[in-house]
Every structure is written in structure tokens, then in C-alpha cells.
2 protein chains.
Amino acid sequence: MKEKLKEHIEKLIPLTEDEFTFILSHFSIEKYKKNDFLIQQGENVNYCYYVVSGLLKLVFNDKDGKQHIVSFAMEDWWESDFSAYFMQTKAKMSLQCIENTIVFSISLKNYQKLSTELPKMGSFFLKKSNLGHIASQNRILSFLTSNAKERYEQLLKQYPLLFQRVPKTLLASYLGVSRETLSRLSS
Amino acid sequence: MKEKLKEHIEKLIPLTEDEFTFILSHFSIEKYKKNDFLIQQGENVNYCYYVVSGLLKLVFNDKDGKQHIVSFAMEDWWESDFSAYFMQTKAKMSLQCIENTIVFSISLKNYQKLSTELPKMGSFFLKKSNLGHIASQNRILSFLTSNAKERYEQLLKQYPLLFQRVPKTLLASYLGVSRETLSRLSS
DNA sequence: TCATAATTGTGATGTTTGTCACACTCGAAC
DNA sequence: GTTCGAGTGTGACAAACATCACAATTATGA
């Protein structure tokens, strides 16, 4: 598991053993079971998570009780309610397990400490954040340019694995359509 | 104009005069007129921009000739086709002036140089990137949870100034609705 | 194994939104 | 002042999508 994190960081930034040991000391490892919450809407957000294995959903529950999936977090993804994490406010979204999941967690203090004491990690987090921003913009573009069917096909192409791992209802609430419409699209 | 950039950075990170002089040496100032392009879809993206004054649109033109506005960039905003900028690929979107506009521009080399040589700026860019990511996620949430009318009202509330500065057609292509629908919503 | 819940497909119907067509206003350029 | 084009509003109709209802199938746990 340590190796997974190390290899992940080294895809962007080469590390010495000592540096990785230092990095690792800022993280905790945590295990969760299906349906467990890592973050609960309305509560404090103390950690940002790196997913070693399993699958999470970042989800917003509206006043009508509908759930809207902002993001799935799979292996190798970094996830949190970033707004609440960085600004130290209450969570607007929940982060919940779709499968049993293992993560590395890092507190905001350790995130900031690591960024400044090891500039390499600052630049790693910067790159990750930029990639996250780009991914979100692509998702926005997908809403602007494509109808439900096209968005469905884009998702199918981008994450074919997802279709065997999560119920269609969740895919629908990620795509922003009703589960009935999604069902009709796939036939 | 220099003062504007300085004050902007100092909202997040305090600076000495020497530091700011060093920072400024990595930027160029540029002036554009209404309808000028800072970035052209399909071409290289050499700069990221800080908007001193004026107004820009980050826009994707699809194969049917329709334009989709990913973002407006107003005073104090940082904008570029970040994907093309960071990954050194061709621009997927254009960045074009809605009004006469003054910007500071920074090349990717200088962005990286500044981030590493002045760690404060690395942490400034990291914070800005995180804020950009958060803003994009909020926009996604708005698409997931709200219909055209609600998105319209959210925009009205968030950027009331925009409604006097840009034609409704552009607002419509930001909201992801036809201009006719937007027209009917406001009455 | 059985009972129960979760997931999925599909028809009927209503609402939302897009598209096409046309008219009107207003400001800029000549 | 006239002309032109961009911006805007609105009616009529079509397409996309949501909602409600119900049946069928597939996990899942005691």
C-alpha cells in the first residue's frame, strides 16, 4: 500500500527513500466498508484522501432527498470536499463508500506543512490540483455541448469499468438524468 | 496596474517590495481590444493571464458552429486553456475579449520558475488552482441540481454586474440554454 | 433456503426546453 | 438621416427528458 502511494507520486515527481518516508509520516491509513462515510454533509472536513483501493462517491443531497454525484473516486484518485477542507467550513457534500475502500488520509495542517517543507510535494499538489480543475472543466463542457445520450457514451468510453461496479441509478445521478431515461438510452 | 497585481497576490500571501519586483519580472503586460483573441482554438497556448481590467470569455466552438461559454474572466481572474497550457497541447477553447481588456501574461516556463524559486508563489498558485477547482465543481453541482430558471437566478445573484455588460445570447450559452429560453425565463 | 430489499426495464403522460420563423428596437457606420 | 446588423422578444411546433406506475429480475442476509 505504501508502494502504491510512492509510485503514484513518482509518476509526477521522483523521490528518494528518505523523502518518501518523510511524506508518509504525514498520512494515516484508513479502512472503510461499503456505505461508510468518510465525510458527512454538514460536518467538519478534516482530511483529504488518496484512494488506494475501492470506490467512493462524492455526493450532494438536495432538500428533496435526491442525490447528485459530483464525482466518483477510484483507485489513485485524490478526493475530499475541497471547499470545506481548504476553507475549514462545514461539508456541502458527503464522501461515501460504494465498495470497501482503503485510503491514505492527510490533515490540512499536514498538507500545508508538507507543501512548504518539501517543495517537491508543493509542486506535486499543484499539478494534481490543476489536473482536477481541468477535469472539472471538461465535465462542464460535457454538460454544455452534449445531451444525455452523448454524455452517457462519453462516460462509457472514459470509464468502461464503472458500468460493472456501480448501479445504474448512481450513473444516472452522475450524468444528471433520471434512472428511467438512462435505462432507455442503453437499449 | 502593477499595484493591482500586487494587491491581488497579497490578499493571499504577504510580499516584500523585492519579492514583488522579482515576481513582476516574470510577467508581461498586454492590451487587447474587443473581439481580439488571446487564445485561438487549435493553436498553441503560451500564456496564462491575469485580468487587470476588461472582460473575457473562455469559449468552446463545436462542430455545428455553436459557441459554449466555459467561463467568463473578469477583473482579478486568472484564465487560460489550462489543459493546453500545462500539457503543452493545442487549445481546445478560445479566450476572447468581450470588452477592451488589459492583462498580465506569464509563460509556462516562468510560471514553473516562479513557483520553485519563490515558494510563496508556488503556494499562491496552489491556492488559486484549488479555488478554481472548487468553482468548477460548484458549476457542475448547479447543472446537476438546477433547471434553467434556477441556474439563471443563481447567476443573477452571483454576478449581477454581468447582466449589464454582456449580451443575453452569451449568458444563455454560459447557462447551457437557448437564447429564446433565457428570454422567456427573464419575463 | 427463503424472504426481503435493491435494481432494472418499460409504458403512459406531462413538463421543459430547443428549433424555426418573424417582428421590433437600437446603436454604429457611412 | 438612412442603412445595416446585432440584439432581443414571442408564437407555434417538435424533441428531449422527467415523473409516476408497475412488473420482472437479481442480489443479499437471516
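Numbers restart at 1 for each chain; the letters A, B, ... are given by sequence-line order, proteins then strands.
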Rounded to whole Å, the CD1-P distance (A:Ile98 to C:dT7) equals 11 Å
Measure from the ring center of A:Tyr49 to the ring center of A:Phe104 and say whether it is less than 6.0 Å.
no
Closest of D:dT8, C:dT17, C:dA21 to the B:Glu180 side chain is C:dA21
TODO: Begin with the C-alpha distance, continue with both residues' side-chain angles, and end with the deciding distance and a verdict on salt bridge (Lys or Arg N to Asp or Glu O under 4.0 Å) for A:Glu75 and A:Arg165.
DONE: CA-CA 13 Å; A:Glu75 282 89 2; A:Arg165 293 175 73 179; 3.5 Å; yes
A:Ser178 side chain N/O closer than 4.0 Å to the phosphate oxygens (OP1, OP2) of D:dA18?
yes
note: B:Arg179, atom CZ; D:dA6, atom C1'; distance rounded to Å ~ 11 Å
To the nearest angstrom, the CG-C1' distance between B:Asn35 and C:dA28 comes to 14 Å
- Message: For a quick test of reading the model: is some side-chain N or O of A:Thr181 closer than 4.0 Å to OP1 or OP2 of D:dA18?
- Response: yes
Open item on the list: Less than 3.5 Å apart, any donor N or O on the side chain of A:Lys90 or A:Asn44 sitting next to an acceptor on the other?
Closed with: yes
Of the candidates C:dG11, D:dT8, C:dT17, the side chain of B:Asn147 sits closest to C:dT17
B:Glu150 CD to D:dA18 C1', in whole Å, measures 14 Å
Of the listed D:dG9, D:dA18, C:dT17, the closest approach to the A:Val177 side chain comes from D:dA18
Minimal heavy-atom distance between B:Leu144 and A:Leu175, with the atoms involved, is CD2-C, 4.4 Å
Open item on the list: Looking at B:Lys34, I'd like to know whether one of its side-chain N or O atoms comes within less than 4.0 Å of OP1 or OP2 on D:dA6.
Closed with: no
So, is A:Thr169 close to the C:dA6 phosphate, meaning a side-chain N or O under 4.0 Å from OP1 or OP2?
no
Which of C:dT10, C:dT8, D:dG11 is nearest the side chain of B:Arg184? It is D:dG11
A:Leu170 atom CG is separated from C:dT8 atom P, nearest whole Å, by 8 Å
note: A:Leu171, atom CG; C:dG9, atom P; distance rounded to Å ~ 11 Å
So does A:Lys66 get a side-chain nitrogen or oxygen closer than 4.0 Å to the phosphate oxygens (OP1/OP2) of D:dT19? yes
A:Leu182 CG to C:dT8 P, in whole Å, measures 9 Å
Rounded to whole Å, the CG-P distance (A:Leu144 to C:dG18) equals 12 Å
*Are A:His8 and A:Phe124 close enough that their ring centers fall under 6.0 Å?*
yes
